[in-house]
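The sequence lines fix the lettering, A, B, ..., with proteins before strands; numbering per chain opens at 1. Remember, it's a predicted structure, so these values are computed and weren't measured experimentally.
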Amino acid sequence: MKSAVLVFPGINRERDLARAFHEVSGVAPHMVWHTETELPDVDVVAIPGGFSYGDYLRCGAIAARSPIIEAVRRHADRGGYVLGICNGFQIVTEIGLLPGALMRNASLKFVCKEVRLRVDNASTAFTSAYAPGQVIRCPIAHGEGNYFADAETLARLEGEGRVAFRYCDEAGETTDAANPNGSIHSIAGILNERGNVLGMMPHPENLIEALQGGIDGRGLFESLARVA
Amino acid sequence: MKARVTVTLKNGVLDPQGKAIQGALKSLGFAGVDDVRQGKLIELELSGHDRVQAEADLKDMCEKLLANTVIENYRIELI
Amino acid sequence: MKARVTVTLKNGVLDPQGKAIQGALKSLGFAGVDDVRQGKLIELELSGHDRVQAEADLKDMCEKLLANTVIENYRIELI
Amino acid sequence: MIPNDIKITPELVKEHGLKPDEYQRILDLIGREPTLTELGIFSAMWNEHCSYKSSKKWLKQLPTKGERVLIGPGENAGVVDIGDGQAVVFKMESHNHPSYIEPYQGATTGVGGILRDVFTMGARPIAAMNALRFGEPTHPKTHHVVSGVVAGVGGYGNSFGVPTVGGEVNFHRRYNGNCLVNAFAAGLLKSDEIFLSEAKGVGMPVVYLGSKTGRDGMGGATMASAEFDENSAEKRPTVQVGDPFAEKLLLEASLELMASGAVIAIQDMGAAGLTCSAVEMGAKGNLGLELNLDMVPTREPNMTAYEMMLSESQERMLMVLHPHLEEQAEAIFRKWGLDFAIVGYTTDTLRFVVKHHGEVMADLPIKELGDQAPEYDRPWVEPAKQPVLDVADVPAPANYAKALLDLLGSPNLSSRRWVWEQYDHLIQGNTVQRPGGDAAVVRVERPNGGTAKGLGFTCDVTPRYVEADPYEGGKQAIAESWRNLSAVGALPIAVTDNLNFGNPERPEIMGQFVMALKGIGEACLALDMPIVSGNVSLYNETNGEAILPTPAIGAVGLMDDVEKTVGVAFANSEDVILLVGETTGWMGQSSYLYELYGREEGAPPPVDLALEKKTGDFVRDCVIAGRVTAAHDLSDGGLLVALAEMAMAGGKGARLLLPETEVPLHAFLFGEDQARYVLTASPIEASRLIVDAAMAGVAATAIGAVGGSELVIPGHLTVAVADLRERHESWMPSYMSAA
Ligand SMILES: Nc1ncnc2c1ncn2[C@@H]1O[C@H](COP(=O)(O)OP(=O)(O)O)[C@@H](O)[C@H]1O
Ligand SMILES: [Mg+2]
């Protein structure tokens, strides 16, 4: 799997993400600075977590206007994979590659903890290593992960099976108590129509080794390695 | 030239901050606050003198950056 | 009754958000933006009818919650 | 604008916090009346914060050397060798007063300052902690301060990208008027790539980097806030605002610049920014320094020399660069979008010269500015000792389950989850022991591969103990950090301290300071934990009432193989629970007494340092050898609270069979004797451990077994682990959600 990790000023989980790609694929990703206008020849473009431009104005808003973004758009149009995690998810929605927006957590507080995710669509390039409905552990760390989309968009996402991950409890139920940020329909990650762009708030890249407390996050990278 | 841009959430978009403020006001004992919405105020200092041009530029800035038109409305005032 | 409260940073207080927005506008090619300051806009829907009372309440809300008067100024408008 | 050559009046001197004899010293030193800018420079260099004038004499007596110590106190942060050509850099610093005035911004700038101290040395930050003390929960300001401070610590650290892995939170009425915000940061570097603040070479460019200079923090001298602001109706706020985004850029740019070989010396601009940093660089290098303020990037128009020299704007650095690499250096900073300006150069005159608009605003002897700062041997009295509290004076609880639940649900012993879940404690992917246990453990990869090492981090002090007996309390703070590190399997290697006290001009307070330092010093020596950095915060008083003496300790430990660490959670049913250490049932100053009866009485538990060492070494060896399944040190709340914490963490109960003892049950369960731990191990291993402990001269007794879903002491207590959790987890969230 050939991958690239984009770096914007203020991004801070780029090393974590690069490490996950490296661990799983054996190949270190290209690190690509935001002022570039071309991507290297890669299968997967990943946009990491962090606080690009301090998250000032709106999370991801300023990064979404960077020179590299046009190349990302072309990559996605060609059917290349795009993975946006946390700030990356916010950026990908700001670009318009995914619908909806990420608002302040309902608690108005930043939250870092381990949650459970239910894999609602296991037949995607990003999730095939998981079983359908599988409940996995995954860390989150964000202040604005409260996914919102209007009713029509939501109906489409649900109807087309484009909700990849949902926050749930240990039994796989999507309860209010298990929803850490108030996301509508407990949405933690969504896909675009074509299934080659995934945006998610949780950080699978921080749970890929036993030392980190578990390896539930590996599946995502392993899925990508199968197709790329 | 000074300009003021206000960015507010569209109707129907959930506003967690507004809701939290409303709750906090209530628990501080302020009765009769039926709704609270929080928005952004962006004040700009522009060096040009052409108001028409400025308005056009500001609209462009809003569309391109200052507002996320999927969820937000904006209003421009030159002062 | 509708009220609008605007909260802005006092003069001289660093505004990292404004700075970042200014930088972004510049790199998007907007010339002549000399300064940007970001503030908050809070819109309230009040159920009372007494404007004098409302103004007093709003002032109280600002002092107690809506503004951080150590570093922010606020302005109240009834509309 | 006030002219630079204004007549210096006694009022002006006073407003600058200088005593008449200190001003006389200035006159003697320079042989003329200082200019306004010069007066400002002296006030910045000679205040308590920068000059340590009340504490220096005593700080010098602390043990600061050790085999591993590469850099001790005196630089931005201490540096300790951890093998493989790697070193850990760390320090702790207070931001108490600003955090009380504006909790969010006070805390953010506190965190920003300590991170800068660490990366100024050339290290990438890998862990942060925060030791917080607040007033009693019912005090009208407490809620606001807690929520602002915690949000601020998180707001800065999360954005900057450092995992915040540990800390402490206490509530006590003596912090009603003065909260304490002590921030710790640690970073990692190669031991042969340490950067220092000592300038070298004459005619070298002095470069200003980072954010622009504004009038932030100009409140030190009251005149600055009142009179420099005549154009604006509002009183200028003196609050500094943190910009974690700028700091993150500064980090990346600084590390890139250091790697390029362009940096000769580097110093962050902290308190009294440009003044302190420039003087220090020149003085350390035995050089003079000339600054041209026309070149300083400013955020506001018409700033005076006085204002620029005293501004405390954040996220700024000063460097001395190799002239031929200047351009390359500038390119790096431009790439990161930061300000870069050559603001001066080094000279061989030993003078500190400040020019503005072509005029000399200050011309002072650079060495004397630092070296000749006043130093005081303040009078002190040894605080009266408290009598040892007789256990007979401490009632047993009517209901043990209720007592335990009340303790776990008390402000000081309840879970801090509400706090640390607002901190990104997982970023960088190296957090092996997360918050909630004893010490945090962070993985450190070796440069050439192989099993990863671990660094343990903990923050400790029990201010009530220090108040009751500063000497024992000082020892106890170090001993507790030793225990927390040992329990996770880390060898304590060095500490940083943050000494928060009241007004040193009062002999009782100075006595607390002196005796606490004596205790700390002895403990550090006995446990081989040199002090490599630290910070002193005095005058924490409001209306004549001082805070509890709070010498907060940040300690660092090293593990050769990070995978060997164990946590506090009960792991397997049937595991035997061992109590390690001697229990006499010490109730003086215990949490039981304070939280349940509101009594702060008696002498605190004495610390036997030799016993601590022996016991800690034994426990650590057991952990590293993989013989135990969980380990926890005993501190606040004693044995029963520790067992409850292990049960809650593991989601498993335990059945206790307590040994025959003369100690009354409540004192056995809630007493706070030092040098104690709880270990769990398989039954076979447990019997071996008991034998080995005896051989090592350490007391170890089986006190029960893990299992079930309740914590049970037959005949005295049966309580469901779920109920323990409920109480432990609910106090903070419910306190914080009530407005
Ligand atoms: N302000 C804080 N920030 C992060 N973690 C904290 C904070 N306060 C407490 N903790 C964590 O909660 C746990 C319990 O703290 P404490 O009771 O002080 O531990 P101990 O008694 O072992 O020193 C520790 O893991 C500690 O690091
Ligand atoms: Mg402990």
Calculate, to the nearest 0.5 Å, the distance between atoms CG and CG belonging to D:Asn158 and A:Asp55 respectively.
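That separation rounds to 10.5 Å.
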
To the nearest 0.5 angstrom, please state how far the CD atom of D:Glu445 sits from the CZ atom of A:Arg19.
4.0 Å

Do you know the tightest heavy-atom contact between [X] and [Y]?
X	Y	result
D:Arg434	A:Gln212	NH2-O, 3.0 Å
A:Leu211	D:Val432	CD2-CG1, 3.7 Å
D:Leu249	A:Pro9	CD2-CB, 3.6 Å
D:Tyr423	A:Phe110	C-CE2, 4.3 Å
D:Leu426	A:Pro139	CD1-CB, 3.5 Å

Interface moiety of [X] toward chain D, non-hydrogen atoms closer than 4.5 Å:
X	answer
A:Glu205	neither
A:Tyr56	side chain
A:Ile208	neither
A:Asn12	both

For chain A, find which of D:Gln422, D:Lys248, D:Arg417 contributes the most heavy-atom pairs closer than 4.5 angstrom.
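When all of D:Gln422, D:Lys248, D:Arg417 are compared, D:Gln422 has the most.
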
Taking atom CD1 as the centre, does A:Ile215 end up with more than 12 heavy-atom neighbours from other residues, nucleotides or ligands that are less than 6.0 angstrom away?
no

Do A:Phe51 and D:Phe245 make a side-chain contact, defined as non-hydrogen atoms from C-beta onward lying under 4.5 Å apart?
no

Within-4.5 Å side-chain heavy-atom neighbours: A:Arg13 and D:Ile427:
yes

Could you give me the CA-CA distance, side-chain angles and deciding distance for A:Lys109 and D:Glu421, then say whether salt bridge (Lys or Arg N to Asp or Glu O under 4.0 Å) is met?
CA-CA 9 Å; A:Lys109 285 198 271 297; D:Glu421 279 190 351; over 6 Å; no

Which bit of D:Ser159 comes within less than 4.5 Å of chain A, counting heavy atoms only: side chain, backbone, both or neither?
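Both parts, backbone and side chain.
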
Could you look at D:Glu247 and say if it's the side chain, the backbone, both or neither that has a heavy atom under 4.5 Å from chain A?
neither

So that I can tick it off, tell me whether A:Lys113 and D:Asp424 are bridged by a salt bridge, with the cut-off set at under 4.0 angstrom between side-chain N and carboxylate O.
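A:Lys113 and D:Asp424: not salt-bridged.
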
